[in-house]
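One structure is given here, and the rest of the page talks about it.
Just the heavy atoms: all of them, side chains too, but no hydrogens, waters or symmetry mates, feed the values below.
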Amino acid sequence: MKKQIFAIVLLFGLLVSCEKVVKPVHDIKVIFDESLSDTLLDGRLLLMLSTDDSDEPRFQINDGLNTQIIFGVNVNDWAPNTPITIDASVFGYPYSSLKEIPPGEYNVQALLNVYETFNLATGQTVKLPMDNGEGQQWQRSPGNLYSTPFKIRIASNGIQNVSVTLDQEIPPIEEPKDTEWIKHIKVKSEKLSEFWGRDTYLGAHVLLPKGFDEHPEAKYPLMVFHGHFPSDFGGFRTTPPDPKMKPEFSERFNLEGYNVIEQQEAYDFYKRWNEPDFPRFIIIEIQHPTPYYDDSYAVNSASQGPYGDAITYELIPEIEKQFRGMGEGWSRFLYGGSTGGWEALAVQVNYPEEYNGCFAACPDPIDFRAYALTNIYDDENAYYYPSAHKKLEVPSHRNYLGQIQSTLRQGNHLELVLGDKSRSGQQWDIWEATYSPQGDDGYPVRIWDKKTGKINHKVAEYWKENFDLRHILERDWDKLGDNLKGKIHIYCGDMDNYYLNNAVYLMEDFLESTTEPYYEGEVLYGDRAEHCWNGDPELPNAITRLRYNSMYVPKIMERIATSAPEGADLTSWRYE
């Protein structure tokens, strides 16, 4: 009997021992080649796996249904040829851990989003990814290191003996060159340089009017087209579409040959710009990326600095000086869509006398009671609807039929993989970087816990008093109303992909309630129109989004006719 018991115990021990031997291992080691850098590096190390051979994994990470797989970890003082291990404890998206990835064949690639050190005027030191001329695109940012993709197989026993070497560096981007029509300007901002502790510049692409050189006596009104980082002035082309260009299908708009349509619209705008009766304006697109995003949101904020003041009081006056702008508030107008729509309205509200009208299309949330589908003041959790027995996630993206492509939790988890402390360079993080107070560590304070979605209502109150545009207008209408009368125009599709129409409804309720003065603007909606509908009820988004620079001109001219001060120059810029 004792021998039998001994044999059973021995067999059990052997089974346990064998189980330990075959326990799955999930880790991938990453190094960077000393030929790329012989200094210690800081940044966010990203590891990507893909089952799609159509492109490199770094270009296949997104918030949609076709995303591939990514994991991220901070590195500090990383030395050449020193391995960093991505193991099962590292947070990922859409799988939270390497051990969740199904067995199969994958393309693997790693990339280091390099961080630089900033000694802020507020006294804190932070590490952030500097924009390098690409508009905060980590996949393409010059100076970032990445590896050549190769295939690996994930087996039932995990991932073993895989090493990835960062052996390439993204090259610098060539700056655009001046043409007869388009000029480029960079201005050192003293305000921003002081905040960031280093020389900081603002840029702009300037479209000149017809006859600019032939009419030195003329001074021009200014149109400011706000939006995401522009590599050059877009939508302007002096020649017809390239006949050799192969037509491409647009999945977003379900249109064949959309690239040809874009070139045709750009050429048509050039022709309109030269018509005898077209008003002569200056149009600018601003470059103001920050270490947090491709765009500063054009306002002063605790963690990004005084971009609103820098743009309004440093950049724009310099542009008007160099290119003969009027230089007066009645002659400046703002427009844009999405991010640019929010900016157009926010800048008009923050600087009511410096601009004479805004045209805000599909603006980012302008009432935080409808921060997409979240009420940051009343809701306890951003990711889930309240329920005693059911866990239902809050959507974040839909199509015009209401079909869901992503949820708020998923999008925020992707951002958390790309960078902690609001450093992902993505949408929810830039709102946080813009609207939040600055924490003791120098980074923005979270509006909600990035993993769980629990809302910080103290931070929400800060957002309310400083950046909730509807609340600010209602709170301060007795001070702002006279300077904003006739200046606010808002447009949004009622099936906006990001639910931005919900906040517009709330803003409209307030604007229509105004008295002494009544706001005298307009709020319009596009029936079943998606992001980013901008006010034309006759044509689809695919076309009107290419016509921003001309579609508001009649309204601007009407505004000038009714609001220009006595003695204003209404003639020097109206030549044929």
Side-chain angles (χ1 to χ4, degrees), residues 52 54-56 59-60 62 64-66 134-135 137 139-140 173-184 205-210 223 225-275 278 281 283-285 287 294 335-341 359 361-362 399-401 405 491 493 495-497 526-554:
D52 182 352
S54 65
D55 207 342
E56 295 180 43
F59 299 126
Q60 298 178 329
N62 57 67
L65 294 172
N66 64 343
E134 85 292 348
Q137 304 297 316
Q139 308 96 324
R140 305 176 187 274
I173 294 174
E174 185 177 352
E175 293 191 1
K177 293 179 173 57
D178 286 352
T179 69
E180 174 189 358
W181 294 96
I182 299 169
K183 308 300 180 183
H184 307 90
H205 310 308
V206 183
L207 178 63
L208 297 180
K210 176 188 177 183
M223 295 198 297
F225 186 11
H226 274 292
H228 294 285
F229 181 90
S231 58
D232 203 342
F233 195 95
F236 187 86
R237 180 183 177 88
T238 59
T239 57
D242 181 357
K244 298 179 181 179
M245 182 172 59
K246 181 180 178 181
E248 295 177 354
F249 177 75
S250 169
E251 185 175 348
R252 174 181 177 183
F253 299 114
N254 194 32
L255 276 176
E256 187 63 55
Y258 191 62
N259 54 335
V260 178
I261 293 172
E262 288 177 312
Q263 288 197 359
Q264 184 63 55
E265 285 291 329
Y267 179 57
D268 288 346
F269 174 52
Y270 162 73
K271 291 190 291 185
R272 285 195 297 274
W273 191 243
N274 281 275
E275 289 172 355
F278 196 92
F281 286 90
I283 303 180
I284 64 171
E285 295 186 10
Q287 286 185 323
D294 72 357
Y335 59 98
S338 193
T339 289
F359 302 86
C362 51
N399 65 15
Y400 76 102
L401 295 173
Q405 279 82 44
Y491 313 101
M495 283 300 289
D496 186 276
N497 302 97
D527 180 38
R528 294 214 310 176
E530 295 182 84
H531 192 74
C532 187
W533 189 78
N534 55 6
D536 188 330
E538 304 297 329
L539 294 172
N541 281 7
I543 301 301
T544 61
R545 67 185 291 269
L546 305 174
R547 297 185 177 182
Y548 272 101
N549 290 320
S550 58
M551 66 184 303
Y552 302 127
V553 168

Heavy-atom pair of closest approach, residues [X] and [Y]:
X	Y	value
Arg237	Asp242	NH2-N, 3.5 Å
Gly535	Met551	C-CE, 4.4 Å
Pro176	Ser231	CG-O, 3.5 Å

Mind checking ring-ring contact (aromatic ring centres under 6.0 Å, His included) for Phe278 and listing every partner two or more places apart, or none if nothing turns up? Trp273

side-chain contact (heavy atoms from CB on, under 4.5 Å), that's the test. Do Arg545 and Glu262 meet it? Break it down for me. CA-CA 10 Å; Arg545 67 185 291 269; Glu262 288 177 312; 4.1 Å; yes

Please evaluate residues Ile283 and Phe236 with respect to the criterion side-chain contact (heavy atoms from CB on, under 4.5 Å), reporting the C-alpha separation (whole Å), side-chain torsions for both, the decisive distance (0.1 Å), and the verdict. CA-CA 11 Å; Ile283 303 180; Phe236 187 86; over 6 Å; no

Sequence-distant partners of Thr179, side chain to side chain contact (heavy atoms under 4.5 Å, CB included), two or more places apart: Trp181, Ile182

Residues at least two apart in sequence or cross-chain that pass side chain to side chain contact (heavy atoms under 4.5 Å, CB included) with Asn497, listed by chain then number, are His397, Glu530, His531

Can you establish whether the number of heavy atoms outside [X] located under 6.0 Å from its atom [atom1] is more than 12?
X	atom1	result
Arg547	CZ	yes
Glu256	CD	yes
Glu275	CD	yes
Arg528	CZ	no

Give a yes or no answer on whether the side chain of Gln137 reaches the backbone of Arg140 with a donor-acceptor pair at less than 3.5 Å. no

Assess, by modelled atom type and distance only, whether the side chains of Asn549 and Tyr335 contain a donor and an acceptor separated by less than 3.5 Å.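 The answer is yes; a qualifying pair exists.
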
Testing the 3.5 Å rule here: is there a donor-acceptor pair between the side chains of Gln263 and Asn259? no

Aromatic ring pairing His205/His184, orientation class (parallel under 30°, perpendicular over 60°, tilted between):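 Because their plane-to-plane angle is over 60°, the rings of His205 and His184 count as perpendicular.
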
Show your reasoning for whether side-chain contact (heavy atoms from CB on, under 4.5 Å) applies to Phe253 and Asn541. CA-CA 8 Å; Phe253 299 114; Asn541 281 7; 4.2 Å; yes

Quick one: CD on Glu175 to CD on Gln287, what's the gap to the nearest 0.5 Å? 8.0 Å

Going through the distances and angles, do Glu265 and Phe269 end up as a side-chain contact (heavy atoms from CB on, under 4.5 Å)? CA-CA 6 Å; Glu265 285 291 329; Phe269 174 52; over 6 Å; no

